Amino acid sequence: MNTDDLQLKRATSSALLSLLNLTALPVIGFIGLLYVYSKTKPNTIDRYYAVVGIKTSLLAGIALLLVTLLVILLGGFESPLTWVYVTSYFVIVHASFILFATWTLTRSWTGEKLKRQILSK
Amino acid sequence: MRETFTKGMARNIYYGGGIFFLLVLIGLSVDTVRSLPKTDNSQNLTETVAAGKRVWEVNNCIGCHSLLGEGAYFAPELGNVYTRFGESTENIKAFIKYRPVDGIPGRRSMPQFNLTEEELEAIAQFLKYTDGIKTARNWPPNIQG
Amino acid sequence: MKYESQGIAKMYFIAAIALFVGQILFGVTMGLQYVMGDFLFPEIPFNAARMVHTNLLIVWLLFGFMGSAYFLVPEEAERELYAPWLAKLMFWIFLVAGGLTILGYLLVPYARLAELTMNDLLPTMGREFLEQPTITKIGIVIVALAFVFNIGMTVLTGRKTVINLVLLTGLVGLAVFFLFSFYNPDNLVLDKYFWWFVVHLWVEGVWELIMASLLAYVLIKVTGVDREVIEKWLYIIIAMALISGLVGMGHHFFWIGAPAYWQWLGSVFSALEPIPFFMMTLFAFSVVNKRRRDHPNKAAVLWALGTAVMAFLGAGVWGFLHTLAPINYYTHGTQITAAHGHMAFYGAYVMVVLTMISYSMPLMRGKKAANVTAQKLEIRSFWMMTLSMVAITLLLTAAGTMQVYLQRYSAEPLPFMIVQDKLAIFYWLREVAGLIFLSGLFLYIYSFFAKGKEVEFIAEQAE
């Protein structure tokens, strides 16, 4: 496999791992992303997607786990309003991350970067 | 998708998977129908209960209530109403019978269906029979339905 | 438009949109009844309004599917429709039968309607979504058979493509599974079990085939991506739909007295049900990303993407939310179900029909795409309807969570009606969102009549 193909393969793997980290394989997907990142060189398409994936995962971790945990701690386990907020918030934010990761995956398939600079710096 | 995964393979998964799981579903359904008598309270399915199911249907009770969780969510669950009403068919009949014709100002109210005594008895027996169905984990979770 | 008989779709689409308006009008009526219980009581009690709301939905979606098939199939099969006169005749039969049934719901008490239509001879009425009088059900079967015959003959004597064969399979399934609506045993558990053979196998089974093929067709047209690629996607999507959805039906058998193994089977397989919807999103994103042309009909492209995304959210995410048995134990039959139902129906089936209308209507009116102003308004109506549906879903989810907690989960469960009173704020906000949806729908209709500058074409002519 030549370098371009290998890079493209790593780029799509990164995008896929980021999506898996959000869905079926949390944490494991993230570890995979770190591994792929370690194989990439600066200013390449695979590095780009590894970075996007890692940033997406970290941001999702904060937005989904940390915020939810804080709400539960502040709102109290026994209050129905806590659960009203947590359910609605978690579902919509989680789904938004999945949709973003899905779009990223389709962009990686064609070897293009995202049109706007989101989470890549 | 990769070139190695051809349209022919996708088509085979569709036909193969579709037919296989349709057969699985049919098999499971046969088994389900066979083992229903253990749970479905059919030993108490009298003619009155059957008549009560008709009363339930032709008055579109499902349009507001849920029964074993299915239906509309505008009015209380009735799968366990017999228990909730103190295991009394008389209480159920009285409730249905004395609904105000013009409703209750500002609030939800069940319509007055003008049921005959016979129909009242039938629907009450039907709800009693429904309460006797053995649902998994005794669903609903508590008496409030 | 290559074939004259494709134009028959127009009358079907107009009827569909008109009935859609009726559906939403009754929707906002019911929304108000949730907080003002005596609104229109006893003239239009909630149960009658709900029947009209859900039955109009089913009828107009069927009009939409039929119109879509009449537009799509001749072009794919590369021949005129087998019997255009039959399609026109069935349109009027279906419209009159549907109209009379709705009037029946509204003008006489339901019990009287049952009597008038001799329900006793073959009792099928009074079950959710299958409230139609038996005679109407027979009418639906006749219309469906004539329709499937017409479409089937067109496909079988013409060019067979993956798209029209999958569509045909879906439509045959639709007609076949409806036959379960005539089976209404006295045994309630048995009744419920086979009731799902209509409801589940429609919306989580064969309708997905219809939806996926319509979406695939529009995406081929607006993106110009190679048919081979799209057909491969289509096969794998519907394969996953059937693999997960057939046994996934078990998630409806948790609490109706069916054997305990359904708890496991239903949970595991229905947990896979989001996959086909997710793949639709991936598919739509991917082919739009790889598009070979920028189609002048931007509104249609937006509807197609919107369908994929909203179907994934409504059917996939909101379905998964309460599909596992230990969770469903608490949420079954609460506003959580209502939240899922609203977004799933809108995202999957309403939007796919509107996608087809958006793509085909300009062609039937002799243009490649609607004018600039009309498209702008249509796109605005897309956002109004879609975002208000997201709001409705979130508010019902909030209401449902509160309901589950107070009525099912807390140490001292409260009675149903007490809990309903505590949910009033969510219901009021939902009503506001419903009214925005209705305004969006009016704007959508207005967009068909808006005048403006015609879109300019890039050298390559889009089809």
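Just so we're on the same page: letters track the sequence lines, and every chain starts at 1. These numbers come from a predicted model, not from an experiment.
- Using a distance-only test at 3.5 Å, with no hydrogens or angles considered, no donor-acceptor pair links the side chain of B:Tyr73 to the main chain of C:Gly400.
- Residues C:Ile243 and B:Tyr14 form no side-chain contact, since every pair of their non-hydrogen atoms from C-beta on lies 4.5 Å or further apart.
- Neither the backbone nor the side chain of C:Tyr105 comes within contact range of chain B; no heavy atom of the residue lies under 4.5 Å from a heavy atom of that chain.
- Residue C:Pro413 touches chain B through both its backbone and its side chain, counting heavy-atom pairs closer than 4.5 Å.
- With chain C as partner, the option from B:Leu22, B:Leu28, B:Asp102 having the largest number of non-hydrogen pairs under 4.5 angstrom is B:Leu28.
- Of the two parts of B:Phe20, neither the backbone nor the side chain holds a non-hydrogen atom closer than 4.5 Å to a non-hydrogen atom of chain C.
- Heavy-atom pairs under 4.5 Å with chain C peak, among B:Ile62, B:Val58, B:Val49, at B:Val58.
- Within the 4.5 angstrom heavy-atom criterion, no atom of C:Ile230 approaches chain B.
- Side-chain contact between B:Arg107 and C:Asp421 is present, with at least one heavy-atom pair separated by less than 4.5 Å.
- Of all heavy-atom pairs between C:Tyr235 and B:Ala10, the closest is CB-CB, 3.6 Å.
- A 6.0 Å sphere centred on CD of C:Glu412 holds no more than 12 heavy atoms belonging to other residues, nucleotides or ligands.
- For C:Ala338, the parts lying near chain B are the backbone and the side chain together; criterion is any non-hydrogen pair under 4.5 Å.
- Residues B:Lys53 and C:Leu188 come closest through the heavy atom pair CE-CD1, 3.9 Å.
- For chain B, no part of C:Phe253 is nearby; none of its heavy atoms comes within less than 4.5 Å.
- Proximity to chain B (any heavy atom under 4.5 Å) is restricted, for C:Met51, to the side chain, taken from C-beta onward.
- In terms of heavy-atom pairs under 4.5 angstrom with chain C, the leader among B:Ala72, B:Ser109, B:Ala50, B:Gly17 is B:Ala72.
- Of all residues spanning residues 30-39 of chain B, those with a heavy atom less than 4.5 Å away from chain C's heavy atoms are B:Asp31, B:Thr32, B:Val33, B:Ser35, B:Leu36, B:Thr39, arranged by number.
- Of the listed residues (C:Gln33, C:Met36, C:Met30), the one with the most heavy-atom contacts under 4.5 Å to chain B is C:Gln33.
- In this structure, C:Arg112 CZ and B:Asn59 CG are separated by 13.5 Å, a value rounded to the nearest 0.5 Å.
- Identified by a heavy-atom distance below 4.5 Å to chain C, contributing residues of residues 82-95 of chain B are lacking entirely.
- Listed by chain and number, the residues in a salt bridge (Lys or Arg N to Asp or Glu O under 4.0 Å) with C:Lys192 are B:Glu70 (sequence neighbours excluded).
- In this structure, the portion of C:Arg50 lying under 4.5 Å from any heavy atom of chain B is its side chain and not its backbone.
- With chain C as the partner, the residue from B:Asp40, B:Asn60, B:Leu25 showing the most heavy-atom pairs under 4.5 Å is B:Asn60.
- Listed here is the closest heavy atom pair of C:Leu242 and B:Phe21: O-CB, 4.3 Å.
- Neither the backbone nor the side chain of B:Val55 comes within less than 4.5 Å of any heavy atom of chain C.
- Heavy atoms closer than 4.5 Å to chain B are found nowhere in C:Leu282, neither backbone nor side chain.
- Proximity of B:Phe113 to C:Pro109: side-chain heavy atoms (C-beta onward) are nowhere separated by under 4.5 Å.
- C:Gln263 touches chain B through its side chain: at least one heavy atom from C-beta onward sits under 4.5 Å away, while N, CA, C and O do not.
- Interface check for chain C: of the options B:Ala75, B:Gly18, B:Gly103, B:Gly8, the most heavy-atom pairs under 4.5 Å are formed by B:Ala75.
- In this structure the side chain of B:Glu57 reaches within 4.5 angstrom of the side chain of C:Asp191, judged on heavy atoms.
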Take B:Arg54 and C:Asp186 through the salt bridge (charged side-chain N to carboxylate O under 4.0 Å, His left out) test and state the conclusion after the steps.
CA-CA 9 Å; B:Arg54 249 356 51 90; C:Asp186 291 334; 3.4 Å; yes

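- For C:Phe194, the part lying near chain B is the side chain, with the backbone staying farther off; criterion is any non-hydrogen pair under 4.5 Å.
- Counting all heavy atoms, side chain and backbone alike, B:Pro111 lies closest to C:Phe41 at CA-CZ, 3.7 Å.
- Your options are C:Thr124, C:Asn184, C:Thr169, C:Val162, and the one with the most heavy-atom pairs under 4.5 Å with chain B is C:Asn184.
- Below 4.5 Å, heavy atoms of chain C meet heavy atoms from B:Ile133, B:Lys134, B:Thr135, B:Ala136, B:Arg137, B:Trp139, B:Pro141, B:Asn142, B:Gln144, B:Gly145, all part of residues 133-145 of chain B.
- Looking at C:Met249, the atoms closer than 4.5 Å to chain B (heavy atoms on both sides) all sit in the side chain, from C-beta outward.
- Options C:Pro45, C:Pro123, C:Ala48 differ in how many heavy-atom pairs under 4.5 Å they form with chain B, and the most are formed by C:Pro123.
- Using a cutoff of 4.0 Å between basic side-chain nitrogens and carboxylate oxygens, B:Arg108 and C:Asp38 are not scored as salt-bridged.
- Among the candidates B:Met9, B:Lys7, B:Gln112, the residue making the largest number of heavy-atom pairs closer than 4.5 Å to chain C is B:Lys7.
- Of the two parts of C:Tyr193, only the side chain, counted from C-beta on, holds a non-hydrogen atom closer than 4.5 Å to a non-hydrogen atom of chain B.
- Of the residues considered (C:Leu265, C:Val419, C:Asn119, C:Thr334), C:Thr334 shows the highest number of contacts with chain B, using heavy-atom pairs under 4.5 Å.
- Contacts between B:Ile13 and chain C at a heavy-atom distance below 4.5 Å involve backbone atoms as well as side-chain atoms.
- For a residue to count as touching a neighbouring chain, one of its non-hydrogen atoms must lie under 4.5 Å from one of that chain's; by this rule C:Phe39 does not touch chain B.
- Distance check: C:Asn47 CG to B:Cys64 SG gives 4.5 Å after rounding to the nearest 0.5 Å.
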